[in-house]
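Structure record follows, encoded as structure tokens.
All chains are named by letter (A, B, ...) in the order of the sequence lines, taking the proteins before the strands, and each is independently numbered beginning at 1. The analysis underlying the following values was restricted to heavy atoms, covering all of them including side chains, and did not include hydrogens, waters or symmetry mates.
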Amino acid sequence: MTVLEQPGSYRPTPPPAWRPRTDPAPLLPDAEPYRVLGTEAAGGLDAGLLLRLYGHLVRGRRYNGQATALTRQGRLAVYPSSAGQEACEVAAALALQEQDWLFPSYRDTLAAVARGLDPVQALTLLRGDWHTGYDPHEHRIAPLCTPLATQLPHAVGLAHAARLKGDDVVALAMVGDGGTSEGDFHEALNFAAVWRAPVVFLVQNNGFAISVPLAKQTAAPSLAHKAVGYGMPGRLVDGNDVAAVHEVLTDAVRRAREGGGPTLVEAVTYRMDAHTNADDATRYRSEAEVDTWRGHDPIALLEQELTERKLLDASVVAAEREAAERMAADLRDRMNQDPPLDPMDLFTHVYAQQTAQLREQAEMLRAELAAAAEAAPATPEGAQR
Amino acid sequence: MTVLEQPGSYRPTPPPAWRPRTDPAPLLPDAEPYRVLGTEAAGGLDAGLLLRLYGHLVRGRRYNGQATALTRQGRLAVYPSSAGQEACEVAAALALQEQDWLFPSYRDTLAAVARGLDPVQALTLLRGDWHTGYDPHEHRIAPLCTPLATQLPHAVGLAHAARLKGDDVVALAMVGDGGTSEGDFHEALNFAAVWRAPVVFLVQNNGFAISVPLAKQTAAPSLAHKAVGYGMPGRLVDGNDVAAVHEVLTDAVRRAREGGGPTLVEAVTYRMDAHTNADDATRYRSEAEVDTWRGHDPIALLEQELTERKLLDASVVAAEREAAERMAADLRDRMNQDPPLDPMDLFTHVYAQQTAQLREQAEMLRAELAAAAEAAPATPEGAQR
Amino acid sequence: MTTAPVRAEARSASMAQALNRALRDAMAEDPSVHVLGEDVGALGGVFRVTDGLVKEFGEDRCTDTPLAEAGILGTAVGMAMYGLRPVVEMQFDAFAYPSFEQLISHVARMRNRTRGAMPMPLTIRVPYGGGIGGVEHHSDSSEAYYMATPGLHVVTPATVADAYGLLRAAIASDDPVVFLEPKRLYWSKAEWDPGTPEAVPGIGRAAVRRRGTSATLITYGPSLPVCMEAAEAATDEGWDLEVVDLRSLVPFDEETVCASVRRTGRAVIVHESTGFGGPGGEIAARITERCFHHLEAPVLRVAGFDIPYPPPMLERHHLPGVDRVLDAVARLQWEAES
Amino acid sequence: MTTAPVRAEARSASMAQALNRALRDAMAEDPSVHVLGEDVGALGGVFRVTDGLVKEFGEDRCTDTPLAEAGILGTAVGMAMYGLRPVVEMQFDAFAYPSFEQLISHVARMRNRTRGAMPMPLTIRVPYGGGIGGVEHHSDSSEAYYMATPGLHVVTPATVADAYGLLRAAIASDDPVVFLEPKRLYWSKAEWDPGTPEAVPGIGRAAVRRRGTSATLITYGPSLPVCMEAAEAATDEGWDLEVVDLRSLVPFDEETVCASVRRTGRAVIVHESTGFGGPGGEIAARITERCFHHLEAPVLRVAGFDIPYPPPMLERHHLPGVDRVLDAVARLQWEAES
Ligand SMILES: Cc1ncc(C[n+]2csc(CCOP(=O)(O)OP(=O)(O)O)c2C)c(N)n1
Ligand SMILES: Cc1ncc(C[n+]2csc(CCOP(=O)(O)OP(=O)(O)O)c2C)c(N)n1
Ligand SMILES: [Mg+2]
Ligand SMILES: [Mg+2]
């Protein structure tokens, strides 16, 4: 049992199980957020891509404005705006191929819209006529996820399943700086790395979790540094530089697609609006701070680049704005209609086959509705808001 | 809103919120586990400390053997042995001062015993006469924790509370390699770093979580690398080198005490026994692998050092073994007595004041016991095992 | 929403204000009381219940935590181990779920497993229930989970005065209390003098809110106003309903409830939580066990449907309303009497 | 414990073996069935229920996951989104708690929130209950939590044949099933021919295990053997007890249960789970609502005490045993008859 009984067995060697594993150096993010716009690298950017991104950004900003306006008109229960974060939203959508999957958080309706989802369907959750307003399979967009970070393991599981089936599918999952503190963030990243699942995690670090600033959320050098502890690369990027975010995400998606495993991307950005229309941001941040970010607006950064490269003139700007206005007008019009409501839907999708118990409850509601209709036959259900 | 409306606002600057925070370099663990025994550094070690550690290791090994034997005699329901890991267990206990707190996992009864807890009390949970067998305040040892990693936030909260009260208290929390995958590990480390709580996290990487090897648990360069993502230093140490573990933990405890915040320590070690006496380790690992670790035995490593420094001769060894045998005999004797059992205890500590509902249930049990006693008066409760 | 401090004279106050005042008074009286949670600091909580606390007591006493509910509750356990009295805020009912392991495996059991050596004087404030137009995961009624966990107290106020009194009692309790705050009553107001708070007989006592003889409505939290309204409306049908507000689900005040049911001989339990596996089952079973021969009819339940909480535009069909309560009263086999 | 494969002829098999066989057959028949959890691979699970699966189907089909229950269930949700049928193992009842947020907020609701577009054909196997001398957190009966969560099916076998049949039905179900495995019956044996498995009528049907006329014992899982023994013993007292094995807590087979109670006029519910807020409350309330005028006595409950699960040496005092069941039967107001 001891050396005195086993002479010569003493070896000042490292513990046998110890093998230096991954080299941590390549996993570490750069010290500064990666930027493209305004740098020399921007010169190599594809003009078509930049203009496409520009159109998305302009429409995205307008979309945020219109959705916020709809809350004031009582047409949305609540709206968590991504104004100021459009570069991340748009780049996330555009970095994916058609067969890939997007896992948005509750703030990421714009990413879903940029991926092709009808904005009315994207806003169903926030209007309140149903939860998920779309068939996730149609555009391969998971339900907008409200419990923070809980969608991240879903993305890992889906990507893993696709790989097991031999399908060429990458999942991109979005989460906020606050969400990185949740246990589900940790477990998802760990599973992804162990399984080498084709997933990209995009953290939009917009400085706040509602009122809580990043400094109270983490003491890490950056959120991207969390990647090292899972054995995946961490990338830090200027989240308002749409070209940079698009490039970093596209790289990460390609790496995942090629079997290189997951990547964690932290995009540094800022939430220009309050947390939601119901929030009072003056309680926890100054106008001055917001102002400093006005000078780093994602649309402005891209416009400057495009202008310098003579890709943007007043007519392009006007055309994009007009397109944005059309989108907004259409959205407004359609959101101003009362959605069709059927209270019996409460019981339709709880189980594949309705249980006897739910049938009974459905009958009760049906009888109540019939009685009410008799009492006031002129009020169709859809209009009772 | 856009640059065309705000001429001159374009600045290719970093995002305003971005300040390079902590420098990650000092947080990174060394590439190899830190070792002392068998290296030049060992020459500087205090002989008294080494001999104290030696005594603890010898008794610790004997304790593990005795506890395992007690399972075979049916005196313990189950025993998760720390044979092979005694260096970590002992160093954890000895790195702390009296006012500090130890947060052991279910495997760490030896650490609790090394800190001064009566082994019978340490084993109560595993014997099964009660849950926690001791008053945690007496030796400042939190209850042995079975749900993995859940004790880590407790350690953070306690250390934080002590600091808020101005008390000089450090908490040292123990967890396994498997436990690092749990969300609670992540949340605890993050809270600790944000609060700069005086906590030391000791991960005993013994290669397995029951049957699951480390490679299926994490893809990280090392578990110590997880520290970077929280903004705390990570330290990697040879967990079978008791001098090294003791030094690293003592440093981390000192740092915490001085307000330097938390540290994550990964000790690389090996579980020589099966997961518990109920486990069949041949299903998932080879004898050959176990054998390689026999040559890296923590007691043997220290004995070699002591022998070379002429601190150990047969009489010291004999004396320590005798002490260990005395401890084992005492433990055996006391564990061979049936513990006193009072079924009415079931209702005593559920609430500070027993509810009417529990009083009623207690009365029912009391009546049942009285009836049973009448039927068979010769069988005192304590003996009914 | 106004968040001005409540002054110590009888005036109109909302439930949110009374809760805020309870926290403030408890913190002022006992330095071991610490508030922690998401956005409880500068923001004052999303419902403003912790408004002003950070200004008055500093960040060490009222702490914005990282966003992690298991971490919040888990560190609070550690704080309680060291003798503090943490008051934890879960931002919404459904967001308490990540903390369930800490709750079930530690908070509820720590006293018992240590033979009383480590009590858990913790209060966990959970805004709960629907009726506020919240999107999914913002309107759950999760009391059944808490009730099924021995070692916890489960308390819920339905009035402004109770909000103050019960929260003070919860914080003062040496046992963990899950304190369920009915979201849709946060802005309900009442004349209330915090200087002489209406006597609240501590945790574990129900209150008879309306005396009656025909049948007993048993309810709590968000459904109390519904039951009071139903009781008024029932007089038109000739029913004189008694209304019992449980206030405390654990411990359960069997005495008050059974005394009422024995008097009236009929009972309807009303709550928002789903019916199947919800609190009403336990209450009905218990009443029936104890008062069987006093019952003229089976104890009935009016509850949320057995479905995930509906989207805002459909929630009114789910929530037990006055009509559904009256329908249940009508089914209490009155014909048997005549 | 033997873990030799079960052959396809009538022979003695344990419940663990039948479960193993069900997994094996399901995986062989349907390549979309994937098993994942802690130690389900080389070890075959701590109860050996997944023994041999990794050898037969490989690591991609039977996967040792990192140690993180929320991660296991959360990734299983993602796998189900992509069309797989994950079968998740939670190592012990209490260790499922970290996964409750995923369970409540996603697994149970995904179909509903997506109007059926994203079903969750997931099976979550949870060894539950006590009686095996487990230390704390190894003997919880957590079915009340699952029952209170609409969108889940909750199933538990009590016989070897049901273990096979119900697990096959659970895996085949397009809805999420929490499959509760009574730990202390893992080693219970019966003659069983997997080639012609005893007809199990799918999820949602109770089974009358013993016909009787005096009163009905309603039970499930680990308490079925107790009730069968009690029924035998009761003949000495002149009681002829019917025993109903629920098998499925959700959906609840009201028809079978109520038919029995209407016949016998008396009922006792028996389960290990704590009484207060436990499954028995719902069952008793439901029976009473539906069968009130057939009841000669209130429906009684024999359950675990309302305490955290006791340490091994005291658990026998906590667990409902034959005597406690008979005591309850004796309290069913027989004198009223005479
Ligand atoms: C599990 C969980 N806890 C709490 C909340 C309530 N909540 C909604 S958004 C939010 C802040 C999120 O911050 P962050 O992750 O940074 O995302 P952002 O809002 O900035 O986009 C909180 C606390 C939630 N939705 N889910
Ligand atoms: C939350 C939780 N999940 C599962 C278990 C069951 N379990 C007990 S020990 C163990 C493995 C632990 O591995 P590790 O953390 O490496 O510690 P070690 O046993 O090696 O000391 C498991 C899965 C548990 N106790 N708690
Ligand atoms: Mg944020
Ligand atoms: Mg281990």
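- For residues 196-203 of chain B, an interface with chain C (any heavy-atom pair closer than 4.5 Å) does not exist.
- Neither the backbone nor the side chain of B:A188 has a heavy atom closer than 4.5 Å to any heavy atom of chain C.
- For a residue to count as touching a neighbouring chain, one of its non-hydrogen atoms must lie under 4.5 Å from one of that chain's; by this rule C:L73 does not touch chain B.
- The contact between B:E360 and chain C is made entirely by side chain atoms (from C-beta outward), counting heavy-atom distances below 4.5 Å.
- Highest contact tally toward chain B, considering only C:M79, C:R115, C:M81, is held by C:R115 [criterion: heavy-atom pairs under 4.5 Å].
- Of the listed residues (C:A117, C:P66, C:G116, C:P251), the one with the most heavy-atom contacts under 4.5 Å to chain B is C:P66.
- Both the backbone and the side chain of C:A70 have a heavy atom closer than 4.5 Å to some heavy atom of chain B.
- Between B:W101 and B:F103, the ring-plane angle classifies as tilted under the 30° and 60° cut-offs.
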**Study point:** Test log, rule side chain to side chain donor-acceptor pair (under 3.5 Å), inputs C:Q102 and B:H154
**Key:** CA-CA 10 Å; C:Q102 286 289 341; B:H154 305 171; 2.8 Å; yes
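- Contact of B:L144 with chain C is made through the backbone alone, with heavy-atom distances under 4.5 Å.
- Near-neighbour residues of residues 160-168 of chain B relative to chain C, defined by a heavy atom under 4.5 Å from a heavy atom of that chain, comprise B:H160, B:A161, B:A162, B:L164, B:K165, B:D167.
- A donor-acceptor contact closer than 3.5 angstrom links the side chains of C:H106 and C:R113.
- Neither the backbone nor the side chain of C:E59 comes within less than 4.5 Å of any heavy atom of chain B.
- Contacts between C:H34 and chain B at a heavy-atom distance below 4.5 Å involve the side chain alone, from C-beta outward.
- Both the backbone and the side chain of C:T114 have a heavy atom closer than 4.5 Å to some heavy atom of chain B.
- Taking 4.5 Å as the heavy-atom cut-off, none of the residues of residues 112-126 of chain B approach chain C.
- Both the backbone and the side chain of B:V350 come within contact range of chain C, judged by heavy atoms closer than 4.5 Å.
- With a threshold of 4.5 angstrom between heavy atoms, C:S32 does not approach chain B through any atom at all.
- Listed in order of number, the residues of residues 168-175 of chain C that approach chain B to under 4.5 Å between heavy atoms are C:D174, C:D175.
- Proximity to chain B (any heavy atom under 4.5 Å) is shown, for C:M120, by neither the backbone nor the side chain.
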